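Quick notes on the structure that follows.
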Protein chains: 2
Amino acid sequence: MDLIYLKSFMEAARCKSFTKAAENLGYVQSSVTTHIQKLEIEYGVVLFERIGRSMRLTSAGEQLYETFGRILELYEESKNRISRQVKGHLQIGTIESLIAFFLPDVFCRFRNAFPQISMQVYPLLEAGILQGIRSGQLDLGIMVDRPFADDDLHSLIIREEPLVLVAEPGHPLSKLGAVDVAALAGQSYIATETGCAYRGAFERLLRDHGVEYHVYNEFGSLEAIKQCVSFGLGIGLLPRIAVVRELEEGRLIALPFKHHEITFYTQIVYHKKKWLDPSIRHMIDLLMETEAESA
Amino acid sequence: MDLIYLKSFMEAARCKSFTKAAENLGYVQSSVTTHIQKLEIEYGVVLFERIGRSMRLTSAGEQLYETFGRILELYEESKNRISRQVKGHLQIGTIESLIAFFLPDVFCRFRNAFPQISMQVYPLLEAGILQGIRSGQLDLGIMVDRPFADDDLHSLIIREEPLVLVAEPGHPLSKLGAVDVAALAGQSYIATETGCAYRGAFERLLRDHGVEYHVYNEFGSLEAIKQCVSFGLGIGLLPRIAVVRELEEGRLIALPFKHHEITFYTQIVYHKKKWLDPSIRHMIDLLMETEAESA
DNA sequence: GCGCTTCCATCGAAAATATCGATCGATCCC
DNA sequence: GGGATCGATCGATATTTTCGATGGAAGCGC
């Protein structure tokens, strides 16, 4: 009786769907089916009524839902109680946009679970993060890049991170129904720092299409880029999360541009040889959880 | 996180010994060590202080002891609650001595867990039990025999079932310090039914040693045998559990006879192809548990 | 002090189990 | 009726669990 069965059951009961439950838990659907079957065999009763394509808990299932909930609660609580006593220090490398718009919430929840663990968060570029992980100076890296495989590093994709081409409201390109690469010819571009992964991909894309562009300025600061764009100094490529407020408030607009070569993913990176503390594991769990929420 | 880890932990904490915990749970010691290590890694803390050969829970261990206890309680409760609703019928074959002196307590506890499951218990001889299991007429057999292996049948040994040679108090053989096979020459023997496993083994033993004996009478009834023996009509071979009270009250005495060929075991027998209901599984668990208690 | 026993940790091999991915049949929706 | 979606099933693979043997440390008795 693995506790994962209970989790699958709870999630399936909540979603009323094995497929969704599997997605949320990071399994394939057949695994959840297996988990539920294990429980059904263990208890000798049917837990879900499968009427056509709709799902409902049987009465036995509902009784177990209560109890399993309490069991998992106790289990989580026990982990929290113990983890609160664990001391330590975490070195994390990440990029500026994530520090500002994605991580604060995660770090806050982490602090609740591990108040005795202090953290140092370094704003870096992708290359710096990878190097820090490789050298062991960093425990964990969180960055935005394309998926990659590496002999020494694990990479867990948290979610796709939509990148948007932002411009001032009323920018000529915004009049177009869709903006393709060619349409960007001759534009001024306010860039993030040299070495930024998606800047690199974007510029390569332009060059490959023979599109001339002009880097008007490059900044290590998000705020600076956003300001420059809103003043009409050029367009900028930024993660959507970094500009949601500006988009909502109409201070910036997103150009209808999309290209698979600049489909990027927020991902966790750590060394394969790294021993994963409960604290680091928890951090990873928290990071991965946000995927389900934002989905 | 398997619940078995929690069980191992609880048992180890109770016994203050991994080895004993393993014995009680039916594992080898190294498995319990592994379980505890899994927990220690999961929580990132040491759960047991291993000071020399003594064991003590650390403070983290004690906190978890509480919580794990409640988790397992909830789990057991959930099984009971569900199992109470399961209906069914169990066919069990066993021998008279066990019906009278071993099974009532087990059946009583079974009824508490599965009140909706009715049972039919057939008093049979070993051959009848095996045949019933093989033909599918019986779900479970509980009998006293020597260990055996069979392609179609599972056999779980519950415990050694000491057989005693009983006689009336003051019987000449009781004067001897030890009774060997030869000493039994010429004795009258009040036998259980033909086909009884330990009767068969006993008579074979006597014949193999060329000891002549006389079967004074044979009965299908324990009470009859005990009465006849106490009246001095002969000696009898019976499971110790069937005569403990008579021995305590001095109405019968046990002769100091022992021979490895009549070392018998109480065991559970069921068909390998048999699908084990939760109810049957529970019955087996209850039967196996008694081993720990009587040990 | 020295063997002897008992305990837990460790390791490799074997067995059991979980997971995935592909596929099937059923159902629902258009 | 065709397409999409859902859960069940199955075989292959990967992972985990279990066991049994062994090692080292600590206590016990002489």
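Because the structure is predicted, anything quoted here is derived from the model rather than measured. Labels below follow one simple rule: chain letters A, B, ... track the order of the sequence lines, proteins then strands, and each chain is numbered from 1.
The pair B:Glu40-B:Arg50 counts as a salt bridge, with a side-chain nitrogen and a carboxylate oxygen less than 4.0 angstrom apart. Using a 4.0 Å cut-off between charged side-chain N and carboxylate O, B:Arg81 and B:Glu77 make a salt bridge. B:Asp105 has a carboxylate O that lies under 4.0 Å from a charged side-chain N of B:Arg109, or vice versa, which qualifies the two as a salt bridge. By the 4.0 Å N-to-carboxylate-O rule, A:Glu23 lies too far from A:Lys20 to be salt-bridged with it.
Judged by distance alone, with hydrogens and angles left aside, the side-chain atoms of A:Arg70 form no donor-acceptor pair with the main-chain N or O of B:Ile71 at under 3.5 Å.
The line from CG of A:Leu3 to CE of A:Met10 is 12.0 Å long, rounded to the nearest 0.5 Å.
With hydrogens and angles left out, the side-chain atoms of A:Thr67 and A:Gln63 include no donor and acceptor closer than 3.5 Å. A side-chain donor from one of B:Gln29 and B:Thr33 sits under 3.5 Å from a side-chain acceptor of the other. A side-chain donor-acceptor contact under 3.5 Å links B:Ser78 and A:Tyr43.
OP1 or OP2 of C:dA9 has at least one side-chain nitrogen or oxygen of B:Arg50 nearer than 4.0 Å. Taking only side-chain nitrogens and oxygens, A:Tyr27 never comes nearer than 4.0 Å to OP1 or OP2 of C:dA18.
Direction of the helix axis in the helix from C:dG1-D:dC30 to C:dC30-D:dG1 shifts by 30° between the two five-pair termini, rounded to 10°.
Residues from residues 29-42 of chain B lying near DNA chain D, meaning a heavy-atom separation below 4.0 Å, are B:Ser30, B:Ser31, B:His35, B:Lys38 in numerical order.
Of all non-hydrogen atoms in A:Phe68 and A:Phe9, the two that sit nearest each other are CD1-CD2, 3.4 Å.
Atoms CZ (A:Phe18) and C1' (C:dG21) sit 19 Å apart, rounded to a whole Å. One atom, CD of B:Glu49, and another, P of C:dA9, lie 13 Å apart when rounded to the nearest Å. In this structure, CD of A:Glu11 is placed 13 Å from P of D:dG7, rounded to the nearest angstrom.
Residues A:Lys20 and A:Asp2 both approach DNA chain D. Their nearest nucleotides, taken by heavy-atom distance, put A:Lys20 toward the 5′ side.
Within 4.0 Å of B:Tyr5, counting heavy atoms only, lie sugar-phosphate atoms of the nucleic acid but no base atom.
Ring centers of A:Phe110 and A:Phe114: under 6.0 Å apart, within the cut-off.
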Considering only nitrogen or oxygen atoms on both sides, find all protein atoms under 3.5 Å from nucleotides 23-25 of chain D and state each distance.
none

